[in-house]
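So the structure is just underneath, and the comments pick up after that.
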Amino acid sequence: MDMRLTPTTMPVTVRPGTAAKAGVAANGFPGEFKAALQSVSEAQNFAGTLQKQVQMENPKVSLEETMVAIQKAQIGFQATLHVRNRMVQAYTDIMNMQV
């Protein structure tokens, strides 16, 4: 079983070279941020679905595939959490600036 992450297995919003195709200029930062959050949410939902299928002993779903999906969702969530913390810190720094 191939466990490597390739650009084709990454969520569409974080694949290298797709930013120009997705229309970054049209969406801007808010659109890209929303798309990234939706991608993380989809990964978590997919991992949850696979987890339920393994618990119901579906023979078409492997435990390895489920564990990889759970790890991908966890990494995506942690990255999102770090971005949120950085944005909150930047906002706090700007609000504390003396004018």
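We use all heavy atoms of the structure for the numbers below, so side chains are in, but hydrogens, waters and symmetry mates are not.
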Nearest-0.5 Å distance, CD of residue Q78 to NE2 of residue H82: 6.0 Å

Inter-residue atom distance F33.CZ - T80.OG1, 0.5 Å rounding: 7.0 Å

Nearest-0.5 Å distance, CG of residue L50 to NZ of residue K52: 11.5 Å

Distance-only polar pair, side chains of Q89 and N85, donor-acceptor under 3.5 Å: no

Separation of R84 CZ from L81 CG (nearest 0.5 Å): 5.0 Å

Nearest atoms (heavy-atom pairs only) where A47 meets A73: CB-CB, 4.1 Å

Main-chain N/O of V54 paired with N58 side-chain donor or acceptor, under 3.5 Å: no

Approximate separation, where rounding is to 0.5 Å, of I70 CD1 and I75 CD1: 12.0 Å

Transitive ILVMFWY side-chain link V83 to L37, under 4.5 Å: yes

Side-chain donor or acceptor of S39 paired with backbone N/O of A35 under 3.5 Å: no

Student check: side-chain heavy atoms of E42 and F46 closer than 4.5 Å: no

V61 reachable from M67 in the ILVMFWY side-chain graph, under 4.5 Å edges: yes

Atom pair CD (Q53) and OG1 (T66), whose distance is rounded to the nearest 0.5 Å: 9.0 Å

